[in-house]
Amino acid sequence: TPDQERLHSMLVAVRLAERYGVPVVLDMVGVGATRFRRAMADKILSGARVGVVKGNGGEVLGLLGGVGGVRGVDSAVKVEPRVAGEASEKYGCVVAVTGVADYVASRGRLCRIKGGSDMFTRITGAGDMAGSVITSFLAVNTDPFDACIGGLATFKAAGALSAAKCGGPGSFRAQLLDELFNFRVDGYTHVKISFEEV
């Protein structure tokens with residue numbers, strides 16, 4: 001639960017990251033839930049350079065000021081792909097909107113990534129895991145747009161492989177961790193994941 005002390009720590013961390021050239025991924029968890037969370041997000045995004053902003057459709061709508069009935073972390077609304085572009089233009093960074101199809105926007109470009117598994121919706125923390133994978137890719141790829149697309153496509157591929165091997169949500173989560181740990185590019189060639197500029 002965010003408070004003033006955590007906000008101060010985050011602002012210090014983001015400014016230090018900017019000073020030392022460390023890329024930052026800001027996950028907009030439940031940004032529409034309270035006014036404080038929204039103000040916190042605005043303060044972080046206006047205070048320093050953030051490389052990637054990530055959230056589900058409801059969270060990105062909340063960031064833009066229209067909560068659309070979503071006040072927590074679950075996305076109960078479908079959003080138009082243009083929402084990613086609007087947020088990217090407003091904040092001057094790459095924006096990833098996650099969902100059944102993920103959308104990544106930056107500087108007038110918009111990419112759609114399809115595939116994965118509906119098992120993602122049956123576990124908690126899938127969005128957090130996706131953010132971690134994006135961050136891993138950003139650590140080795142200096143282009144945040146490409147890193148974001150690569151991270152989300154990999155996460156969806158791992159989800160598809162995990163769903164094919166699991167017996168339910170509990171084993172899906174464990175299998176997902178294993179698939180990501182054992183990631184090899186040539187091991188994902190048979191998984192159907194599509195990404196295209198729209």
List the atom of [X], the atom of [Y], and the distance in Å for their closest heavy-atom pair.
X	Y	result
P144	L138	CA-CD1, 3.6 Å
N56	G58	OD1-N, 3.1 Å
V104	F145	O-CE1, 3.5 Å
A105	L110	CB-CD1, 3.8 Å
A87	V95	C-CG2, 3.7 Å
C93	G51	CB-O, 3.7 Å

> Stepwise, does the side-chain contact (heavy atoms from CB on, under 4.5 Å) test hold for M28 with V60?
Replying inline: CA-CA 7 Å; M28 307 303 331; V60 175; 5.6 Å; no
>> Would V94 and V50 count as a side-chain contact (heavy atoms from CB on, under 4.5 Å) here? Give the steps.
In response: CA-CA 9 Å; V94 174; V50 170; over 6 Å; no
> Does a donor on one side chain and an acceptor on the other come within less than 3.5 Å for R173 and T124?
Replying inline: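 On atom types as modelled, these side chains qualify, holding a pair under 3.5 Å.
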Nearest 0.5 Å please: distance from the [atom1] atom of [X] over to the [atom2] atom of [Y].
X	Y	atom1	atom2	value
F172	I123	CZ	CD1	5.0 Å
K43	H8	NZ	NE2	10.5 Å
E86	L61	CD	CG	9.0 Å
R82	E89	CZ	CD	12.5 Å
C148	I113	SG	CD1	7.0 Å
Q175	F181	CD	CZ	13.0 Å

> Is there a side-chain contact (heavy atoms from CB on, under 4.5 Å) between F137 and D143 once you walk through the steps?
Replying inline: CA-CA 10 Å; F137 272 67; D143 183 328; over 6 Å; no
Mind checking whether [X] and [Y] sit in one hydrophobic cluster, side chains of I, L, V, M, F, W, Y counted as touching below 4.5 Å?
X	Y	answer
Y20	V12	yes
V100	V83	no
F36	M10	yes

Exam field: side chain [X] to backbone [Y], donor-acceptor pair closer than 3.5 Å:
X	Y	result
S106	R109	no
N182	D178	yes
E197	C111	no
R38	L63	yes

> Hey, are K156 and D102 close enough for a salt bridge, meaning a charged N less than 4.0 Å from a carboxylate O?
Replying inline: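 Yes.
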> Does a salt bridge link E179 with K165, judged by any charged N lying under 4.0 Å from a carboxylate O?
Replying inline: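 Looking at E179 and K165, the cut-off is met.
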>> Is it true that, when you exclude K90 itself, more than 12 heavy atoms of the residues, nucleotides or ligands shown sit nearer than 6.0 Å to its NZ?
In response: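 Yes, NZ of K90 has more than 12 neighbouring heavy atoms, counting only those of other groups under 6.0 Å.
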State, yes or no, whether a side-chain contact exists between [X] and [Y] at a heavy-atom distance under 4.5 Å.
X	Y	answer
S88	R107	no
V133	L152	no
T98	K54	yes
V29	D128	yes

> Parallel under 30°, tilted from 30 to 60°, perpendicular over 60°: which one fits the rings of F155 and F120?
Replying inline: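 Judged by the thresholds at 30° and 60°, the geometry between F155 and F120 is parallel.
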>> Go through it in stages, so that I can follow the logic: the residues are M119 and R122, the test is side-chain contact (heavy atoms from CB on, under 4.5 Å), and I'd like the CA-CA distance, side-chain angles, deciding distance and then a yes or no.
In response: CA-CA 5 Å; M119 287 296 284; R122 306 202 179 199; 4.0 Å; yes
